[in-house]
Amino acid sequence: MSINFYSPSTRAAGSDLAISISPLGLVELADEEFQIHGPRLNRYASSWAFYLGHHHAYRREPGEARMTFNYVRGLTDFGINFALGRGVTFQSAKEYAHIVPALLNRVWETDNNKPEVLHEIGQQGGVSGDMFVKIAYENAWTDSANNFHPGRVRILPINSSFVFPEWHPHDRERLLRVKIKYKFWGTNLEGTRQVFTYTEVLTDSWIEEYINDDLIDQRPNPLGIIPIAYAPNISVSGSPWGLSDSHDLIALNRQYNEVAEEVADIIAYHAAPVTIITGAKASNLEKGAKKVWGGLPKDAQVFNLENGVDLTGPLNFMQLLKTAMHEMAGVPETALGSFVPISNTSGVSLAIMWEPATRKRDRKLVNLTRLLRQVNELVLRTLFMNEPETLYYDPDTDGIIQPGQPAVIDPADPLVYRTECEWPDAMPTDKLIKLNEIQVMMALGLESKRGALKSLGVEFPDEKAQEIFEELVKDAKEQGALDIINAQIGAAIVETTGMNPDGTPPEQPKTSTSPASGSTNSNPPAGPKPKSGGMSGELKSLIDATGNQIKSELVTQAYGTKLPQRRNPDTDN
């Protein structure tokens, strides 16, 4: 059966693809804009159509099967999760490692939902082929319930079909002008709902906003650079645009669905075959299962129209198409749920089997790293401009400051904005094997504790090491306090019962008898006093003071009384 799939430009104007371009359909583009960006928008339309399940360009008769196997979405989502599912951590230059990583962690984790933002960025790249991210600052505000919301930096992935960038003619990494354009519902002056077109034009100097071509706001750009980061999903040499993960899958998925519908039609025919009646009237015969027809004319014949089509060929062809889609996407067939005996598969075999997916992930991470570096630079510049106090080191929120690191960030230093992305391994690892490897390397002196923490995926190893040390000190003090209590209890038992806690009599002090007088001396014989080790008075005083402080802490820990704590304190106090 032949199926006519209309061109993407024709389908993009239809209702089935309205959501892929805009919630309300295509925005109006000038001739120059359509000439430059028209092919890109058509490519977006086709990719989003198949990702959202719009695989057919016509309607079948009611009751006929409509087969849609959406391998485009399944394989695309797998590529996104394989690349970004384990997240990413950020590291900065050593000079600012005590401030910058904590600020980035605050913006990504507190001001924004990091996993959701990363997935949305990956989805735009995987489907459209291009990733645009806008950075903006949301001022502090108070809602209607009188809840205060502090200011925050927003990381906003933008639908690629809404963005119309203009690069320098001789430098594709330099943005000159960006236009963001989309439709939205609003209420006009008469109080009725209607569709408006919003347009925002951003340059290094100015920001302009339009509603239906009417200028509503014009202001200087306080940042001095366009707050939009861009990177392609998979680079194409000589082109400013990227390739989507579904680029090679659409034609194969279309053919797969077409053959699947033909197979479904054949199966449906055999389930309800056509009955041929000759020499009799069908109206006189009772229809239904387990019916017996009798009294037919001797020349009458009743039989089902049989079809001797062998489905082996179509089914093998469908399997061929499915295998080809997995090969084009670089995804093993077992990734979407096929059974594989994991217990009988070695780690090397798994690595070889997943090598195509790993290679494709590495290609994607090159551009994702480039994009996130731009995003982090815009985040830091926006944060420093709107919250100047973040330039100063804060021991309560920032990391551990090391000798030589500044207490105040110089925003003019380009080293501040140079960040690195650390991507965890996408393949699952056995933690026990990993710990054994780290233990052997540390025993050989080839790894430090800080390096071991980083190998285990700890984002802030210095803070983790400090936390472990403080916990060990606390445990030692608590054990010392417990020893003091046990000693006091033991002394009380001896004083009360005259027996040790274990039931044995206490030891008597040794006495010495003089042979001449027969007198007894319980004092030890006088001997030479130990010589002083030459310790300075200042060092001895420091040790004594430290020892007295530890003694005081142990006594307080053992017997001290803590101040009562209020669970509902007065907010004014």
Side-chain angles (χ1 to χ4, degrees), residues 9 12-13 15 17-45 48 112 117 120-121 124 128 130-139 141 151-169 172-231 240-241 374-375 378-379 381-382 385-386:
S9 59
S15 60
L17 294 185
I19 191 174
S20 67
I21 297 297
S22 168
L24 304 172
L26 281 168
V27 295
E28 293 81 5
L29 301 179
D31 294 340
E32 181 181 359
E33 291 176 336
F34 189 79
Q35 183 178 2
I36 296 176
H37 301 283
R40 173 173 68 98
L41 296 181
N42 288 337
R43 187 170 64 250
Y44 293 166
W48 277 107
N112 300 271
V117 171
E120 195 169 347
I121 292 174
Q124 282 293 329
S128 300
D130 300 300
M131 299 174 287
F132 292 91
V133 181
K134 180 181 178 182
I135 309 302
Y137 188 81
E138 181 181 295
N139 294 315
W141 58 286
R152 58 174 180 158
V153 179
R154 300 288 305 276
I155 303 176
L156 305 171
I158 311 177
N159 190 326
S160 304
S161 58
F162 295 166
V163 188
F164 303 90
E166 179 182 340
W167 280 283
H168 190 279
R172 289 202 303 267
E173 295 185 358
R174 180 181 172 188
L175 276 175
L176 299 179
R177 181 173 176 267
V178 174
K179 178 188 292 185
I180 301 175
K181 192 173 185 180
Y182 56 87
K183 290 183 177 182
F184 69 98
W185 280 98
T187 306
N188 58 20
L189 298 177
E190 289 76 17
T192 59
R193 302 282 290 175
Q194 74 175 63
V195 177
F196 296 90
T197 299
Y198 173 81
T199 305
E200 183 180 14
V201 180
L202 302 100
T203 64
D204 294 340
S205 304
W206 294 92
I207 298 177
E208 298 176 346
E209 295 182 80
Y210 297 85
I211 297 292
N212 292 343
D213 297 330
D214 297 328
L215 180 65
I216 61 172
D217 188 21
Q218 184 180 25
R219 60 188 181 277
N221 185 352
L223 204 60
I225 56 176
I226 298 176
I228 292 181
Y230 165 76
W241 311 112
Q374 299 176 41
V375 170
L378 294 173
V379 161
R381 292 186 182 275
T382 303
M385 183 184 65
N386 292 277

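Heavy-atom basis, side chains included; hydrogens, waters and symmetry copies ignored.
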Please list, chain by chain and in numerical order, all residues satisfying ring pair (Phe, Tyr, Trp, His ring centres under 6.0 Å) with Tyr210, sequence neighbours excluded.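 Not a single residue meets the ring pair (Phe, Tyr, Trp, His ring centres under 6.0 Å) criterion with Tyr210.
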
May I ask you to decide if the ring planes of Tyr182 and Tyr198 are parallel, tilted or perpendicular, using 30° and 60° as cut-offs?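 Because their plane-to-plane angle lies in the 30° to 60° range, the rings of Tyr182 and Tyr198 count as tilted.
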
Looking at [X] and [Y], what are the two nearest heavy atoms and their distance?
| X | Y | answer |
| --- | --- | --- |
| Ile226 | Leu175 | CD1-O, 3.8 Å |
| Lys179 | Thr199 | CG-CG2, 3.7 Å |
| Val153 | Asn112 | O-ND2, 2.8 Å |
| Trp206 | Gln218 | CE3-CG, 4.0 Å |
| Arg193 | Thr187 | NH1-OG1, 3.3 Å |
| Ile135 | Val375 | CD1-CG1, 3.8 Å |

Nearest 0.5 Å, what's the [atom1]-[atom2] distance between [X] and [Y]?
| X | Y | atom1 | atom2 | answer |
| --- | --- | --- | --- | --- |
| Gln374 | Glu173 | CD | CD | 8.0 Å |
| Ile158 | Glu120 | CD1 | CD | 10.0 Å |
| Thr192 | Leu189 | OG1 | CG | 9.0 Å |
| Leu41 | Phe162 | CG | CZ | 10.5 Å |

Side chain proximity check, [X] to [Y], heavy atoms < 4.5 angstrom:
| X | Y | value |
| --- | --- | --- |
| His37 | Pro165 | yes |
| Arg43 | Trp241 | yes |
| Val178 | Lys134 | no |
| Gln194 | Phe196 | yes |
| Phe164 | Lys181 | yes |

Residue Arg219 excluded, over 12 heavy atoms near CZ under 6.0 Å: yes

Determine whether more than 12 heavy atoms belonging to other residues, nucleotides or ligands lie under 6.0 Å from atom CG of Asn188. yes

Could you tell me which residues satisfy side-chain hydrogen bond (donor to acceptor under 3.5 Å, both in side chains) with Arg154, sequence neighbours excluded, listed by chain and number?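 Here the qualifying residues are Glu138.
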
Report yes or no: does [X] contribute a side-chain atom to a donor-acceptor pair with the main-chain N or O of [Y] at less than 3.5 Å?
| X | Y | value |
| --- | --- | --- |
| Asp130 | Tyr230 | no |
| Asn159 | Ser161 | yes |
| Arg40 | Ser160 | yes |
| Asn212 | Thr197 | yes |

Side chain to side chain contact (heavy atoms under 4.5 Å, CB included) between Leu378 and Val133: does it pass, once the steps are laid out? CA-CA 10 Å; Leu378 294 173; Val133 181; over 6 Å; no

In sequence, state the C-alpha distance, the side-chain angles, and the governing distance for Thr203 and Asn221, and then conclude on side chain to side chain contact (heavy atoms under 4.5 Å, CB included). CA-CA 7 Å; Thr203 64; Asn221 185 352; 6.0 Å; no

Could you check Leu202 against Glu200 for side chain to side chain contact (heavy atoms under 4.5 Å, CB included), going step by step and ending with a plain yes or no? CA-CA 6 Å; Leu202 302 100; Glu200 183 180 14; 3.9 Å; yes

